[in-house]
Amino acid sequence: MTCPTHAYVVLIDPGHGGKEYGAVSTVLLKNSKNKTYSKKIYEKDLTLELAKRVKIKLEKSFSTYLTRSFDRTVSLEDRAEMAETVKADLFISIHFNSSSYKKSHGFETYYLDNHKNKAIEKVEAIENKGVDGENKIINHILIDLVIKQTVGASKKLANSIHQVLGKKIKKYGVRDRGIKPGLFYVLALSKRPGVLIEAGFMSNPKEIFTIKSKKYLDAYASAIAKGVMNYLNSLPKKEVPLF
């Protein structure tokens, strides 16, 4: 016996973790005695905080999981394997950007597809770090196959999320850098529709204060969740067995 229900499963992937710090930003703060001190902000912490907020907002309507719920190292392969384990319908990988050019700023949403863009290749080089040799060759073959199966759905998901982001994040003065195609192994290995979020530049000395704030993270999480909901609600309802 089956019962129509919103049984979609969403896997949220906080980028980096454990030994993989991701981008690092050093900010100057003041303590209670008005003395200045420096503090390091790690991408792995911001991605986890943002991912947890997205999970809270989505789990009211869908089955929602995290690839990590605390600070630990998780390989790209393990993240993808988890997508198989929980039978995820969507894979949302969350990151924050960094650049040697300190004035770079803004947010981007990526989906898995081929392209010829040098700027995007720099982002790929960072997010695909640690994948090389034989695995890289195998993964390139896999990417071609997965793109054919998922590109339509992934691009539609990216558009759905980014459309909401454009409205909710505008008031924070963070530039909308658009929706872009990219060859990300974590998306290819997951073998399902997905996007990779770059929620702002940690390397920008002004933007880091905005993107690490609780208000910004909550607004960004709300936008991602709303975009995912809009996308999934546009699909036929899944049926699950009653036991």
Side-chain angles (χ1 to χ4, degrees), residues 6 8-17 22-23 43-69 74 79 82-83 86 88-97 105-113 123 127 150 153-182 184 186-187 190 192-202 207-208 210-235:
H6 277 72
Y8 288 105
V9 178
V10 181
L11 180 59
I12 305 164
D13 174 46
H16 309 287
E43 181 184 0
K44 65 175 184 175
D45 297 327
L46 289 183
T47 60
L48 183 57
E49 186 171 352
L50 179 52
K52 284 182 175 179
R53 289 171 183 265
V54 176
K55 182 180 186 297
I56 290 171
K57 296 176 189 299
L58 278 177
E59 62 189 3
K60 299 172 185 176
S61 305
F62 309 103
S63 296
T64 312
Y65 299 90
L66 296 173
T67 55
R68 65 180 180 93
S69 56
V74 187
R79 294 172 196 265
M82 196 173 299
V86 302
D89 294 291
L90 298 180
F91 187 89
I92 314 294
S93 191
I94 294 177
H95 295 260
F96 287 81
N97 223 328
H105 63 107
F107 62 94
E108 304 167 318
T109 304
Y110 287 89
Y111 63 94
L112 184 70
D113 200 1
V123 178
E127 306 307 353
T150 65
S154 293
K155 191 172 183 179
K156 185 178 177 182
L157 173 63
N159 274 287
S160 183
I161 291 173
H162 205 85
Q163 187 176 38
V164 184
L165 281 170
K167 296 174 182 177
K168 284 188 173 289
I169 303 303
K170 185 178 181 180
K171 65 181 179 181
Y172 292 94
V174 180
R175 177 189 169 196
D176 184 344
R177 296 169 65 96
I179 301 165
K180 302 176 181 180
F184 299 103
V186 71
L187 294 183
S190 73
R192 61 244 310 133
V195 295
L196 186 141
I197 301 290
E198 293 282 1
F201 278 80
M202 294 184 62
E207 189 156 283
I208 180 60
T210 298
I211 64 179
K212 77 179 186 67
S213 71
K214 286 180 168 47
K215 286 186 177 180
Y216 179 84
L217 291 171
D218 197 62
Y220 214 102
S222 294
I224 293 174
K226 180 63 175 175
V228 170
M229 288 179 186
N230 289 345
Y231 172 77
L232 289 177
N233 285 332
S234 72
L235 303 179

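- With contacts defined as side-chain heavy-atom distances shorter than 4.5 Å, the pair Glu108/Arg175 does not qualify.
- Taking Asp113 as the reference, nothing meets the salt bridge (charged side-chain N to carboxylate O under 4.0 Å, His left out) condition, with sequence neighbours excluded.
- Atom-to-atom distance recorded for Leu157:CG and Tyr111:OH is 12.0 Å, nearest 0.5 angstrom.
- Judged by distance alone, the side chain of Thr47 and the main-chain N or O of Lys44 form a donor-acceptor pair under 3.5 Å.
- Taking CG of Leu217 as the reference point, atom CZ of Phe96 lies at 5.5 Å (rounded to 0.5 Å).
- In this structure, Glu198 contributes its side chain and Asn97 its backbone to a donor-acceptor pair below 3.5 Å.
- The structure places NZ of Lys156 at 6.0 Å from CG of Leu235, a figure rounded to the nearest 0.5 Å.
- Across every non-hydrogen atom of Tyr231 and Ala153, the tightest pair is OH-CB, 3.4 Å.
- Using modelled atom types, one side-chain atom of Arg192 and one backbone atom of Ala88 make a donor-acceptor pair closer than 3.5 Å.
- For the atom pair NE2 (His95) and CE (Met202), the distance works out to 13.0 Å, reported to the nearest 0.5 Å.
- In terms of heavy-atom proximity, Ala199 sits nearest to Ile211 at O-CG2, 3.7 Å.
- Counting only residues at least two apart or in different chains, salt bridge (charged side-chain N to carboxylate O under 4.0 Å, His left out) contacts with residues 216-235 comprise Arg53-Asp218, Lys57-Asp218.
- Every residue was checked against the side chain to side chain donor-acceptor pair (under 3.5 Å) condition with Asp45, not counting sequence neighbours, and none meets it.
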Please report the C-alpha distance between Asp176 and Ile169 in whole Å, then the side-chain angles of each, then the deciding distance to 0.1 Å, and finally whether the side-chain contact (heavy atoms from CB on, under 4.5 Å) criterion is met.
CA-CA 8 Å; Asp176 184 344; Ile169 303 303; over 6 Å; no
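- Applying the side chain to side chain donor-acceptor pair (under 3.5 Å) criterion to Arg79, with sequence neighbours excluded, gives Asp13.
- Contact annotation: the side chain of Ile92 never approaches that of Val54 to less than 4.5 Å [non-hydrogen atoms, C-beta and beyond].
- Contacts of Lys168 classified as salt bridge (charged side-chain N to carboxylate O under 4.0 Å, His left out), with partners at least two apart in sequence or in another chain: none.
- Thr109 pairs by the side chain to side chain donor-acceptor pair (under 3.5 Å) definition with His162, not counting sequence neighbours.
- The shortest distance between side-chain heavy atoms of Leu48 and Arg68 falls below 4.5 Å.
- Note that the OG atom of Ser154 and the CD1 atom of Ile179 stand 12.0 Å from one another [nearest 0.5 Å].
- When all heavy atoms of Leu232 and Val10 are compared, the pair lying nearest together is CD1-CG2, 3.8 Å.
- Surrounding CD of Gln163 are at most 12 heavy atoms belonging to other residues, nucleotides or ligands under 6.0 Å away.
- Across all non-hydrogen atoms, the minimal contact from Ile12 to Ile94 is CG2-CD1, 3.7 Å.
- Residues forming a side chain to side chain donor-acceptor pair (under 3.5 Å) with Lys212 (at least two apart in sequence, or on another chain): none.
- The shortest heavy-atom contact between Thr150 and Pro193 is CG2-N, 3.9 Å.
- Annotation: side-chain contact (heavy atoms from CB on, under 4.5 Å) contacts of Lys170 (sequence neighbours excluded): none.
- Of all non-hydrogen atoms in Leu165 and Ala223, the two that sit nearest each other are CD2-CB, 3.4 Å.
- Remark: Glu207 pairs with no residue by the salt bridge (charged side-chain N to carboxylate O under 4.0 Å, His left out) rule, at least two apart or across chains.
- A distance of 8.0 Å separates CG of Leu66 from CG of Leu11, quoted to the nearest 0.5 Å.
- Phe184 meets the ring pair (Phe, Tyr, Trp, His ring centres under 6.0 Å) test with Tyr110; sequence neighbours excluded.
- Every residue meeting the ring pair (Phe, Tyr, Trp, His ring centres under 6.0 Å) condition with Tyr216, not counting sequence neighbours, appears here in chain and number order: Tyr172, Tyr220.
- Under the rule for a side-chain contact (heavy atoms from CB on, under 4.5 Å), Lys60 has no partner lying at least two apart in sequence or in another chain.
- When side chains are defined from C-beta on, Asn233 counts as touching Phe62, because their heavy atoms get closer than 4.5 Å.
- Pro14 has its side chain within reach of Thr67: a pair of non-hydrogen atoms, C-beta onward, lies under 4.5 Å apart.
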